[in-house]
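First the structure, in the form of structure tokens, and then the observations on it.
Lettering of chains follows the sequences in order, A, B, ..., and the numbering in each one begins at 1.
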Amino acid sequence: MKTGSMIFSLLQVPRCRIHSLANYCGGTFHSFNKICRNNSSVRLFGSRIYGLQGGHRKKWTRRPISTNTEGTGSTKSRSTKDEILRETILTNATLNVNKTQLGQFQEIQYCDIEEIAQNKDLSSLVTVIVFDIETTGFKRENERIVEIALRDLHGGENSTFQTLVNPQRYVPNSHIHGITTQMVNRPDVPRMEDLIPILLHYVRSREKPGGYVLWVAHNARSFDVPFIIHELRRCSTEVPPNWLFVDTLPLARELMKSGGTKLSSISLAALSELYKIKVDGSAHRAMVDVNTLSLILPKLTIDLKLTLSSLVKKSFRGSDIINSKRKKNSN
DNA sequence: TGCCAGGCCCTCTTTAGGGCCTT
């Protein structure tokens, strides 16, 4: 028996009360791997690559949402009436987000990670979201986000969210991600301040009652999370206290140190090569990298024998990033 | 036109420097 399947078998025993990512994602590791084939998504704005249509602000045009029922392998488009209803709900819900609601996040006390990890019903509390951002560069003080993509690993309808973001500035690194100044500096592409309320509302719609959101990204601690915190703060918004972050970069390092694999480096590309994950689309586009990491994560956690609880223990809070920056500045 | 950071790890180390990862 392979190590991975053995761990999974152990985790399937309810009496163990251990919540693996496999359990989290619908009961089987196999179903976890099907997630990326589920085509249910929310797209606000995209490039021609995604076939999105433009429009004026507050008259945004979204693509019809289609659902690919897991396991059937066939795409089942909803009726036009259903699409309109859903679009209406989403739009109304977006409009209902206001400063008061955002302020409520800030009244909640930051969570105790150890306490959360020890919860016996962890899988019913945690929403795992793999995310990625594309930016105009590395220096978050001056640079801006040009694309953001998320995937709720629980799957289901609207389990992904992706949009281009108007940086309101020149995009000097189009050669990296293919996103040009012309693609994003348009009135129909939302600025970060436009997007934040929508994004927060979307994430809240994926949360479980009284639960937590576990954000996962590669190099999250050094790049994605500080960048997002900086952008939120620039728009007078704080990271919700029930958000936790996991960086897969140290997990890759841990795997490489453990030996037993042919991992050549700790990059996302090396991980996808190790696990023979075919990159479907242009690497360095946010949703492509999200899909890649979504497929890497379950394999990585099995190789490292990580349960959902142990993954939570390895997480950090937005406040940890902010506090470490304050300490550095005070020195 | 626009222009190179920051966190972590390793070691030839720890009062430092270089490499890797992210865009």
Exercise. Please test A/Asn291 against A/Arg151 for side chain to side chain donor-acceptor pair (under 3.5 Å), starting from the C-alpha separation and ending with a verdict.
Key: CA-CA 8 Å; A/Asn291 288 339; A/Arg151 178 178 286 281; 2.8 Å; yes

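- In this structure, the side-chain contact (heavy atoms from CB on, under 4.5 Å) partners of A/Ser310, at least two apart in sequence or on a different chain, are A/Leu306, A/Thr307.
- B/dG18 and B/dT14 have their C1' atoms separated by 15 Å, with the value rounded to a whole Å.
- Within the structure, ring-ring contact (aromatic ring centres under 6.0 Å, His included) pairs that include any residue of residues 261-292 of chain A do not occur (at least two apart or interchain).
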Shorter than 3.5 Å, N or O on both sides, protein versus nucleotides 2-5 of chain B: list them out with atom names.
none

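- Classified by interplanar angle (parallel below 30°, tilted 30° to 60°, perpendicular above 60°), the ring pair A/Tyr202/A/Phe161 is tilted.
- Residue contacts shown for A/His218 are limited to sugar-phosphate atoms, with no base heavy atom under 4.0 Å away.
- As rounded to the nearest Å, B/dG19 and B/dT13 have C1' atoms that lie 15 Å from one another.
- In this structure, A/Leu251 atom CG and B/dT22 atom P are separated by 14 Å, rounded to whole Å.
- Nucleotides B/dG6 and B/dT1 have their C1' atoms positioned 26 Å apart, rounded to a whole Å.
- In the set B/dT22, B/dT23, B/dC8, B/dT23 carries the atom at the smallest distance from any side-chain atom of A/Ile176.
- Side chains of A/Ser124 and A/Asp121: a donor on one and an acceptor on the other come within 3.5 Å.
- The residue A/Thr136 sits apart from the nucleic acid: no heavy atom pair falls under 4.0 Å.
- Ring pair A/Phe138/A/Phe223 is perpendicular by interplanar angle, where above 60° counts as perpendicular and below 30° as parallel.
- Residue A/Asn173 places a side-chain atom within donor-acceptor reach of the base of B/dT23, judged by atom type and a 3.5 Å distance cut-off alone.
- Here B/dT22 presents its P atom at 10 Å from CD1 of A/Ile296, a figure rounded to the nearest Å.
- The same atom, C1', is picked in B/dC20 and in B/dC4; the two are 15 Å apart, to the nearest Å.
- Within the structure, salt bridge (charged side-chain N to carboxylate O under 4.0 Å, His left out) contacts touching residues 165-183 of chain A (residues at least two apart or in different chains) are A/Glu143-A/Arg169.
- For the pair A/Ile133 CD1 and B/dC21 P, the interatomic distance rounds to 18 Å; values are reported in whole Å.
- Counting non-hydrogen atoms of other residues, nucleotides and ligands closer than 6.0 Å to CD of A/Glu254 gives a total above 12.
- With B/dC20, B/dT23, B/dG6 as the candidates, the nucleotide lying closest to the side chain of A/Ile266 is B/dC20.
- Comparing the same atom, C1', in B/dG7 and in B/dC3 gives a spacing of 22 Å after rounding to whole Å.
- What separates CE of A/Met256 from C1' of B/dC21 is a distance of 11 Å, to the nearest Å.
- Among residue pairs with one or both ends in residues 289-323 of chain A, those qualifying as ring-ring contact (aromatic ring centres under 6.0 Å, His included) are A/Phe245-A/Phe316; sequence neighbours excluded.
- A donor-acceptor pair shorter than 3.5 Å cannot be found between the side chains of A/Gln168 and A/Asn185.
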Protein-nucleic acid N or O pairs under 3.5 Å, nucleotides 9-14 of chain B:
{"residue": "B/dC10", "atom": "OP1", "partner": "A/Lys257", "partner atom": "NZ", "Å": "3.4"}

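- Comparing B/dT22, B/dC21, B/dT23 by their closest approach to the side chain of A/Leu268 singles out B/dT22.
- In this structure, A/Asp132 reaches the sugar-phosphate backbone alone: every heavy-atom distance under 4.0 Å involves primed, P, OP1 or OP2 atoms, never a base.
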